[in-house]
Amino acid sequence: MYTFTDRGDRSLTLRPEMTASVVRAFIEHNLGGQSLPVKLYYFGNMFRYERPQAGRYREFWQLGVESLGSPEPAADAEVITLAVKYIQDTGIQKATLLLGSMGDEQCRPAFIRGLVDDLSSRSELLCDDCRPRLEFNPLRVFDCKNPGCRAALVDAPKMVDHLCAECNDHFDQVKRLLDDVGVVYQVDPMLVRGFDYYTRTTFELTSDELGAQNALGGGGRYDRLVADYGGKPTPAVGFALGVERLLLAVEALGEGDNIEKPYTGVYIAVVEDDARSLAFKLATELRSAGFSVELDHMARSLRAQMKSTDRLGASTVVVIGPDELSKGEVTVRNLADGTESAVALADLAGHLGAVRNDNKKV
Ligand SMILES: [Zn+2]
Ligand SMILES: [Zn+2]
């Protein structure tokens with residue numbers, strides 16, 4: 001985590017994720033007092049202190065949802081389906097949904113004892129980070145990418161094979177609901193999250209476009225977290241997606257270039273300086289009418305103003321020239337097709353509105 005001491009000698013940590021913050025807000029503002037489940041989303045920057053690498057930065061953005069209040073498998077399936085749909089909507093088609101279960105307080109302790117016994121018998125395979133984990137947090141070994149640790153886990157017991165009847169039934173229902181709506185998944189027995197507060201469903205979304213650093217995001221059920229933070233016991237499920245990862249995957253598809261540029265901005269250019277106050281007045285009026293408008297504030301020549309239209313991506317230029325002005329008109333040039341027309345000042349907003357609608361149809 002990104003932890004430092006401030007000038008008042010206080011230890012501060014920049015938030016590494018949002019679920020804990022959402023749970024804190026849920027308790028502090030008594031959101032559980034309303035009709036459940038409470039469905040929340042967030043989009044924000046997070047921080048971690050580690051060596052930056054492709055798609056992993058010290059400041060990164062996450063978007064996520066949390067559904068608090070329901071223990072039902074349908075809540076898990078709803079949240080998972082939303083994550084899958086969101087990724088598909090970005091254009092990423094080759095994403096894989098990995099699904100697992102962490103069990104609960106009924107079946108997990110016995111599983112962990114079995115896991116520790118098993119891994120202890122092959123502890124020479126484990127890396128220096130993981131050997132102490134056997135004592136403090138053995139599930140974290142599943143997060144380790146070290147080849148020795150991966151090898152040690154191949155024959156180790158898996159949580160999905162040691163679920164109690166209730167957890168097994170819950171897991172089966174989540175899978176059946178996903179089958180019903182055509183969401184494709186792979187059960188991954190190695191998919192275990194290293195935090196104690198996770199219970200039952202866990203999932204991860206990966207992209208084939210991203211190589212080794214292929215996780216787009218993930219989530220799961222965390223039925224104990226609200227109570228751990230001092231709230232009334234409240235089952236919950238949610239996910240977070242890494243925004244930089246999503247952007248990398250979309251870029252890898254080459255889709256980034258195809259994203260439609262919705263800008264339909266208007267640039268107001270003046271031929272002579274004495275038209276600048278009129279340009280400002282027109283810009284203000286058009287902005288009030290809902291247009292995105294730019295104009296020159298740098299006393300540039302007409303030629304330089306026309307160059308700016310390109311840089312700004314304007315779709316239309318309104319030219320105020322001395323001849324037109326004497327007739328109460330301006331010249332409107334459609335940059336998409338190069339056509340020009342003389343438009344009375346009084347009709348300008350209506351004319352630009354029609355042009356904007358035409359462009360939308362294209
Ligand atoms: Zn390890
Ligand atoms: Zn269980």
Side-chain angles (χ1 to χ4, degrees), residues 19 23 36-37 39 64-88 95-119 137-143 150 153-206 215-228 233-241:
T19 302
V23 165
L36 297 175
K39 296 177 175 181
V65 309
E66 313 289 356
S67 173
L68 298 113
S70 171
E72 295 297 317
D76 306 54
E78 185 176 59
V79 158
I80 293 170
T81 304
L82 179 61
V84 169
K85 175 82 170 75
Y86 186 91
I87 287 174
Q88 283 172 350
T96 303
L97 168 62
L98 303 173
L99 198 61
S101 175
M102 297 275 292
D104 62 1
E105 57 270 30
Q106 215 184 131
C107 49
R108 190 159 47 192
F111 161 74
I112 289 178
R113 279 195 298 277
L115 177 71
V116 170
D117 282 351
D118 182 86
L119 288 180
N137 194 350
L139 293 178
R140 286 288 306 276
V141 180
F142 283 99
D143 292 336
R150 303 311 285 175
L153 286 170
V154 171
D155 295 320
K158 307 295 184 311
M159 186 72 239
V160 287
D161 302 324
H162 292 81
L163 298 174
C164 64
E166 288 85 351
C167 287
N168 205 33
D169 183 51
H170 193 275
F171 194 37
D172 278 346
Q173 288 190 60
V174 172
K175 288 186 282 186
R176 202 173 319 129
L177 289 163
L178 292 175
D179 290 339
D180 283 350
V181 292
V183 170
V184 180
Y185 55 82
Q186 289 171 22
V187 173
D188 182 355
M190 302 281 267
L191 183 62
V192 171
R193 301 196 160 247
F195 294 110
D196 277 349
Y197 61 75
Y198 278 108
T199 46
R200 296 188 167 166
T201 312
T202 54
F203 64 100
E204 195 169 288
L205 287 144
T206 63
L216 295 170
R221 178 165 279 286
Y222 51 98
D223 290 347
R224 284 168 42 193
L225 193 58
V226 178
D228 282 355
T234 307
V237 56
F239 70 78
L241 299 177

*asked:* Any carboxylate oxygen within less than 4.0 angstrom of a Lys/Arg side-chain nitrogen, looking at D172 and K175?
replied: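 A salt bridge is present here (some side-chain N lies under 4.0 Å from a carboxylate O).
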Closest heavy-atom contact between [X] and [Y]?
X    : Y    : result
T81  : L178 : OG1-CD2, 3.7 Å
V160 : S101 : CG1-N, 3.7 Å
L115 : A156 : CD1-CB, 4.0 Å
I112 : P138 : CG2-CG, 3.5 Å
A83  : F203 : CB-CE1, 4.3 Å
D104 : C164 : OD1-SG, 3.9 Å

*Counting only N and O atoms by type, is there a donor-acceptor contact under 3.5 Å from the side chain of K158 to the main-chain atoms of L153?*
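A pair under 3.5 Å: yes.
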_T199 side chain to D223 backbone, donor-acceptor under 3.5 Å_ =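 Such a contact is found between T199 side chain and D223 backbone.
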*Using 30° and 60° as the class limits, which term best fits the ring planes of Y198 and Y222: parallel, tilted or perpendicular?*
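Taking Y222 first and then Y198, their aromatic rings stand perpendicular (interplane angle over 60°).
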*F171/V187 under side-chain contact (heavy atoms from CB on, under 4.5 Å): CA gap, chis, key distance, verdict*: CA-CA 10 Å; F171 194 37; V187 173; 4.2 Å; yes
Can you measure from [atom1] ([X]) to [atom2] ([Y]) and round to the nearest 0.5 angstrom?
X    : Y    : atom1 : atom2 : answer
D118 : D155 : CG    : CG    : 7.5 Å
R108 : L163 : CZ    : CG    : 10.5 Å
T202 : L99  : OG1   : CG    : 7.0 Å
R200 : E166 : CZ    : CD    : 7.0 Å

*Could you check if a side-chain atom of L216 sits within less than 4.5 angstrom of a side-chain atom of Y86, using non-hydrogen atoms only?*
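Answer no - side chains too far apart.
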_Criterion side-chain contact (heavy atoms from CB on, under 4.5 Å) on L139 and M102, from CA distance to verdict_ = CA-CA 10 Å; L139 293 178; M102 297 275 292; 4.0 Å; yes
*Any side-chain donor near an acceptor of the partner, T19 and E66, under 3.5 Å*: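 A pair is found: one side chain offers a donor N or O, the other an acceptor, under 3.5 Å apart.
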*List the steps, then state whether side-chain contact (heavy atoms from CB on, under 4.5 Å) holds for R150 with V154.*
CA-CA 7 Å; R150 303 311 285 175; V154 171; 5.9 Å; no
*Going through the checks in order, is the salt bridge (Lys or Arg N to Asp or Glu O under 4.0 Å) test met by D143 and R140?*
CA-CA 5 Å; D143 292 336; R140 286 288 306 276; 3.5 Å; yes
*asked:* Please enumerate all residues that pass ring-ring contact (aromatic ring centres under 6.0 Å, His included) together with Y197, with sequence neighbours excluded.
replied: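 ring-ring contact (aromatic ring centres under 6.0 Å, His included) check on Y197 returns F195.
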I'd like a table of donor-acceptor pairs (distance under 3.5 Å, sequence neighbours excluded) in which one partner is a side-chain atom from residues 69-80, with atom names and distances.
residue : atom : partner : partner atom : Å
S70     : OG   : E72     : N            : 3.0
D76     : OD1  : R221    : NE           : 3.1
D76     : OD1  : R221    : NH2          : 2.6
D76     : OD2  : T201    : OG1          : 2.7
D76     : OD2  : R221    : NE           : 3.0
E78     : OE1  : K39     : NZ           : 3.1
E78     : OE2  : K39     : NZ           : 3.3

